[in-house]
There are 2 protein chains.
Amino acid sequence: MGKTSTVRDQVLNHAAALIMQRGYNGFSYRDLSNLVGVKTSSIHYYFPAKDDLVLEAVNEYSNRVLGNVHAVDATLSADKKLREYAKFFTETLGDSGRICLCGMLAADIGSLPDNIRLAVQTFFKANENWLTQVLAQGAEEGTLVENGQLESVARTIFSAFQGSVMASRLFHTNARLDEVVAAWIVVP
Amino acid sequence: MGKTSTVRDQVLNHAAALIMQRGYNGFSYRDLSNLVGVKTSSIHYYFPAKDDLVLEAVNEYSNRVLGNVHAVDATLSADKKLREYAKFFTETLGDSGRICLCGMLAADIGSLPDNIRLAVQTFFKANENWLTQVLAQGAEEGTLVENGQLESVARTIFSAFQGSVMASRLFHTNARLDEVVAAWIVVP
DNA sequence: GTCTATAAACGGATAGAC
DNA sequence: GTCTATCCGTTTATAGAC
């Protein structure tokens with residue numbers, strides 16, 4: 001009954017959480033060692049270099065989050081979809097001081113190798129593509145503000161969410177994420 | 001004729017640049033030592049602890065940038081002001097891989113003491129207040145999109161700029177900052 | 001003010017026993 | 001797979017000579 005999770009998975013989960021809280025340069029194998037209860041050398045057995053660990057954390061995170069995003073009920077109106085989307089950021093933030101793993105790594109990009117940059121870029125593009133579709137639907141329905149090229153606006157909205165989740169943590173509030181949604185919903 | 005700058009100022013300037021590129025946990029006293037050409041112990045003479053150095057870097061940056069922002073020609077139309085504002089981010093980014101120092105520290109906030117958090121919050125609020133005024137002007141003129149509470153939209157725009165400058169660096173482009181401006185300019 | 005010297009902890013990583 | 005032991009460079013910081 002009790003959930004059994006491999007050491008490898010525990011390392012990966014704790015690594016993701018630490019990155020979301022403190023960034024790439026803000027956590028160590030020692031932190032993970034203390035959290036999981038195995039020696040650092042055991043972690044090196046699964047992930048020879050720190051970059052190997054981080055790349056896999058990004059891929060897992062990306063798959064999970066994009067899975068959730070694409071599972072948003074397709075029959076919803078565009079403004080409702082945007083609200084659901086905002087919830088993902090809110091839930092991640094919670095009270096734990098965690099922001100989007102890929103948003104954090106975008107800030108840390110100066111310390112990262114190219115394969116991780118690529119993975120983060122892919123996550124960004126997937127989100128922006130999904131938002132583009134939502135904007136197109138919103139324009140058709142008249143539920144979302146229509147102003148400019150869909151792709152451009154989608155990138156701006158995604159940037160607004162990423163910036164907003166950082167500001168929310170900075171100010172210990174999560175009202176700022178709702179404001180992002182409100183900025184694109186047509187006022188009656 | 002040659003510009004003379006004190007060791008203290010050089011340390012402060014290099015520290016700001018390094019934070020903008022690699023974040024709080026991504027640079028060291030040794031980096032500064034190599035750049036300025038003095039030993040790390042000499043840097044500790046001016047800034048006993050790393051947090052002292054970072055706090056002062058934030059204050060200097062904040063004063064300089066807010067000075068520039070408030071020096072934007074008051075007679076410009078609101079959309080022109082927004083374009084000028086975007087230039088600050090573009091110029092900072094340049095080709096140097098630097099993003100807004102306070103945006104970076106917002107990402108690193110989990111590693112920072114409370115006095116630095118306060119200073120970063122103050123910078124955010126000052127920008128958001130300025131943007132609120134611009135939005136009010138734009139609503140009056142009909143040059144900027146009017147949708148929702150001014151303060152809320154101002155916070156969203158600032159978040160969009162912060163997120164956008166990170167995405168711009170991630171993708172090695174700076175077109176994304178123009179898209180943020182375009183998203184709030186009334187299409188003819 | 002700047003240096004040398006040093007401390008004491010931390011960082012990622014590896015070799016080899018079990 | 002996990003451990004002990006270890007390597008070696010890094011990091012922040014201090015004491016004291018010049």
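Naming: A, B, ... by sequence-line order, numbering from 1 per chain. Atoms considered below: every heavy atom in the structure, side chains included; atoms not considered: hydrogens, waters and symmetry mates.
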Have a look at A/Tyr29 and say if it touches a base, only the backbone sugar-phosphate, or nothing, with a 4.0 Å heavy-atom cut-off.
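If one applies the 4.0 Å heavy-atom cut-off, A/Tyr29 turns out to touch the sugar-phosphate alone, with no base involved.
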Base, sugar-phosphate alone, or nothing: which one does B/Phe47 contact when heavy atoms must sit under 4.0 Å apart?
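Counting heavy atoms under 4.0 Å across all strands, no contact is made by B/Phe47.
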Given D/dC3, is OP1 or OP2 found less than 4.0 Å from the side-chain N or O atoms of A/Ser42?
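Looking at the OP1 and OP2 atoms of D/dC3, one of them is under 4.0 Å from a side-chain N or O of A/Ser42.
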Measuring to OP1 and OP2 of C/dT14, would you say a side-chain N or O of A/Tyr45 lies under 4.0 angstrom away?
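So the side chain of A/Tyr45 is outside the cut-off, no N or O lying under 4.0 Å from OP1 or OP2 of C/dT14.
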Given [options], which nucleotide is nearest the side-chain atoms of [X]?
{"X": "B/Val38", "options": "C/dC3, C/dC10, D/dA13", "value": "C/dC3"}
{"X": "A/His44", "options": "D/dT12, C/dT14, D/dT2", "value": "C/dT14"}
{"X": "A/Ser28", "options": "C/dG12, D/dC3, D/dT12", "value": "C/dG12"}
{"X": "A/Lys39", "options": "D/dT4, C/dG11, D/dG1", "value": "D/dT4"}

Please determine which of A/Trp130, A/Phe158, A/Phe161 meets the ring pair (Phe, Tyr, Trp, His ring centres under 6.0 Å) test together with A/Phe124.
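Among A/Trp130, A/Phe158, A/Phe161, the one meeting ring pair (Phe, Tyr, Trp, His ring centres under 6.0 Å) with A/Phe124 is A/Phe158.
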With nearest nucleotides of DNA chain C determined for B/Thr40 and B/Val7 from heavy-atom distances, which residue corresponds to the more 5′ nucleotide?
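Whichever sits nearer the 5' end wins; that is B/Val7.
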Nearest-angstrom distance from the residue atom [atom1] of [X] to [atom2] of [N]:
{"X": "B/Ile43", "N": "C/dC3", "atom1": "CD1", "atom2": "P", "result": "10 Å"}
{"X": "B/Phe27", "N": "D/dT12", "atom1": "CZ", "atom2": "P", "result": "7 Å"}
{"X": "B/Asp31", "N": "C/dG11", "atom1": "CG", "atom2": "P", "result": "16 Å"}
{"X": "A/Asp51", "N": "C/dA13", "atom1": "CG", "atom2": "C1'", "result": "13 Å"}
{"X": "A/Tyr24", "N": "C/dG11", "atom1": "OH", "atom2": "P", "result": "13 Å"}
{"X": "A/Leu32", "N": "C/dA13", "atom1": "CG", "atom2": "P", "result": "12 Å"}
{"X": "A/Arg30", "N": "C/dA13", "atom1": "CZ", "atom2": "P", "result": "15 Å"}

Could you pull out the closest heavy-atom pair between B/Gln121 and A/Leu170, with the gap in Å?
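So the two residues come closest at NE2-O, 2.8 Å.
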Whether the side chain of B/Ser41 and the base of C/dT4 hold a donor-acceptor pair under 3.5 Å is what I'd like checked.
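Present.
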Can A/Asp51 and A/Tyr24 be counted as having a side-chain donor-acceptor contact under 3.5 angstrom?
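Looking only at side-chain atoms, A/Tyr24 and A/Asp51 do form a donor-acceptor pair, the distance falling under 3.5 Å.
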Do A/Lys39's NZ or CZ and the ring of A/Tyr45 fall within the cation-pi criteria of under 6.0 Å and 45°?
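Because its charged atom misses either the 6.0 Å distance or the 45° angle limit, A/Lys39 does not stack over A/Tyr45.
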Determine, for B/Phe171 and A/Lys125, whether the Lys NZ or Arg CZ falls below 6.0 Å from the six-membered ring centre while staying within 45 degrees of the axis.
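No, cation not above the ring by the 6.0 Å, 45° rule.
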